[in-house]
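Here the structure is laid out as structure tokens; the discussion comes afterwards.
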Amino acid sequence: MRPTDDVLVCLRRIPLFADLPERTIFDYTIVRCSKGQWIDDGPGGRRMLGVILMGEVEVLSHAAVGGELLLNRLHPLDMFGICNLFVPDSLPTALRCLCDTEVLFINKEEIIRWLTENTEMMKRFLRFYNERIFFLQHTLEILSITTPGERLAAFLLREMDGEGVFRFPQGHERVYSSLGISRASYFRELRRLKEAGLITLGERRMRVMDANALMC
């Protein structure tokens, strides 16, 4: 199927597919989902790579003790399903739309063909895999910390910029959901850190005032 110019332009804005030829022909499907709808890994049970064209999607893990753990949020041009590319069966992924969303699905066999024909694309793909491994490793390290206060402190130390500032444009819920702690525990720890002079709070941002003390 010959994709529209808009589809090719979107794909080539993703670093992995930056040098995709303009006349590339491939099998794809565009699916429109409503707010709150769960997204399948691929229409009809097929092995597909998903690209968010419009909207926002949260990636969830259902905790063994009940509830949901927010792993990530996907925005336009973010991908899902790519880490399942070379396994025979898709790994289960819980994806829920936060608003009306459009998803581009591409047959995984097409992606594999592109990678085998393009050495530079394969190198970028391996780099992407390495970045995902580091991300998951850091996430597991933080989630393995048992107390909410120590978990929050480790998260802030990892996410703050060179000036000690951590910004959370999606709000506090995004933070405590990704840390797997309750809203009450999160705000209790924030209050404790603020009263101890270790952080200051602003509009959707906080600043670490003493990183050394935060590590203790």
Side-chain angles (χ1 to χ4, degrees), residues 16 38-39 41 49-50 52 56-75 78-98 124-202 204-216:
L16 178 61
W38 295 91
I39 302 177
D41 285 345
L49 167 74
I52 307 299
E56 186 177 9
V57 174
E58 55 185 0
V59 184
L60 300 166
S61 173
H62 296 288
V65 295
E68 297 170 342
L69 176 64
L70 178 65
L71 298 179
N72 201 2
R73 276 191 176 164
L74 306 179
H75 303 91
D78 285 339
M79 299 178 289
F80 62 88
I82 192 166
C83 292
N84 300 338
L85 204 58
F86 290 99
V87 295
D89 300 313
S90 293
L91 301 174
T93 305
L95 302 162
R96 183 169 60 198
C97 298
L98 293 173
R124 291 196 297 272
F125 174 75
L126 294 175
R127 188 180 308 121
F128 174 86
Y129 253 96
N130 286 345
E131 291 169 353
R132 296 306 298 168
I133 290 171
F134 289 142
F135 170 79
L136 292 173
Q137 178 183 348
H138 291 153
T139 300
L140 287 173
E141 288 173 354
I142 288 177
L143 293 179
S144 67
I145 299 173
T146 55
T147 66
E150 291 176 346
R151 189 179 297 184
L152 175 59
F155 176 81
L156 291 175
L157 290 170
R158 188 189 77 173
E159 297 296 328
M160 68 182 188
D161 62 20
E163 297 179 347
V165 175
F166 165 62
R167 295 174 175 82
F168 44 103
Q170 288 91 18
H172 287 284
E173 182 181 2
R174 168 74 159 87
V175 183
Y176 64 74
S177 296
S178 63
L179 289 174
I181 59 179
S182 69
R183 184 180 187 276
S185 295
Y186 170 76
F187 281 105
R188 182 168 57 249
E189 292 303 327
L190 278 187
R191 184 169 60 252
R192 181 182 64 81
L193 293 176
K194 181 180 178 182
E195 291 174 352
L198 299 182
I199 65 169
T200 59
L201 294 174
R204 295 182 183 266
R205 58 182 281 166
M206 59 184 82
R207 181 187 295 272
V208 174
M209 305 304 293
D210 190 338
N212 291 327
L214 198 61
M215 288 188 290
C216 297

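In this chain, residues are counted from 1 in sequence order. Predicted, not measured: the structure shown is a model, and the values here were computed from it.
- Contacts classified as ring pair (Phe, Tyr, Trp, His ring centres under 6.0 Å) and involving residues 132-157 (residues at least two apart or in different chains) are given here: Phe155-Phe166.
- A distance of 10.5 Å separates CG of Leu214 from CD of Glu150, quoted to the nearest 0.5 Å.
- Leu152 is listed as a side-chain neighbour of Leu190, based on a closest heavy-atom distance under 4.5 Å.
- Glu56 CD to Asp78 CG: the interatomic distance, rounded to the nearest 0.5 Å, is 9.5 Å.
- Of all the heavy atoms in Ile199 and Met206, the pair that sits closest is CD1-SD, 4.4 Å.
- Applying the salt bridge (Lys or Arg N to Asp or Glu O under 4.0 Å) test to pairs two or more places apart or on separate chains, none has a residue in residues 172-187.
- Although no hydrogens or angles enter the test, the distance criterion places a donor-acceptor pair under 3.5 Å between the side chain of Arg151 and the main chain of Ile145.
- Across all non-hydrogen atoms, the minimal contact from Ile82 to Leu16 is CD1-CD2, 3.4 Å.
- Rounded to the nearest 0.5 Å, atoms CG (Leu60) and OG (Ser178) are 11.5 Å apart.
- In summary, the aromatic rings of Phe168 and His172 are positioned with their centroids under 6.0 Å apart.
- For the side chain to side chain contact (heavy atoms under 4.5 Å, CB included) with Val165, the lone residue among Met160, Arg207, Glu159 that qualifies is Arg207.
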Between Thr139 and Arg158, is the side chain to side chain contact (heavy atoms under 4.5 Å, CB included) condition met? List the steps. CA-CA 10 Å; Thr139 300; Arg158 188 189 77 173; 4.1 Å; yes
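- In this structure, CG on Leu198 lies 11.0 Å from CD on Glu189, to the nearest 0.5 angstrom.
- Note that CZ of Arg96 and CZ of Arg73 are 9.5 Å apart. Values are rounded to the nearest 0.5 Å.
- For an aromatic pair to be called close, the ring centres must be under 6.0 Å apart, and Phe86 with Tyr129 fails this.
- Contact of the Val59 side chain with the Phe80 side chain is not registered, since no non-hydrogen atoms from C-beta on lie closer than 4.5 Å.
- The CD1 atom of Ile52 lies 5.0 Å from the CD1 atom of Ile39; values are rounded to the nearest 0.5 Å.
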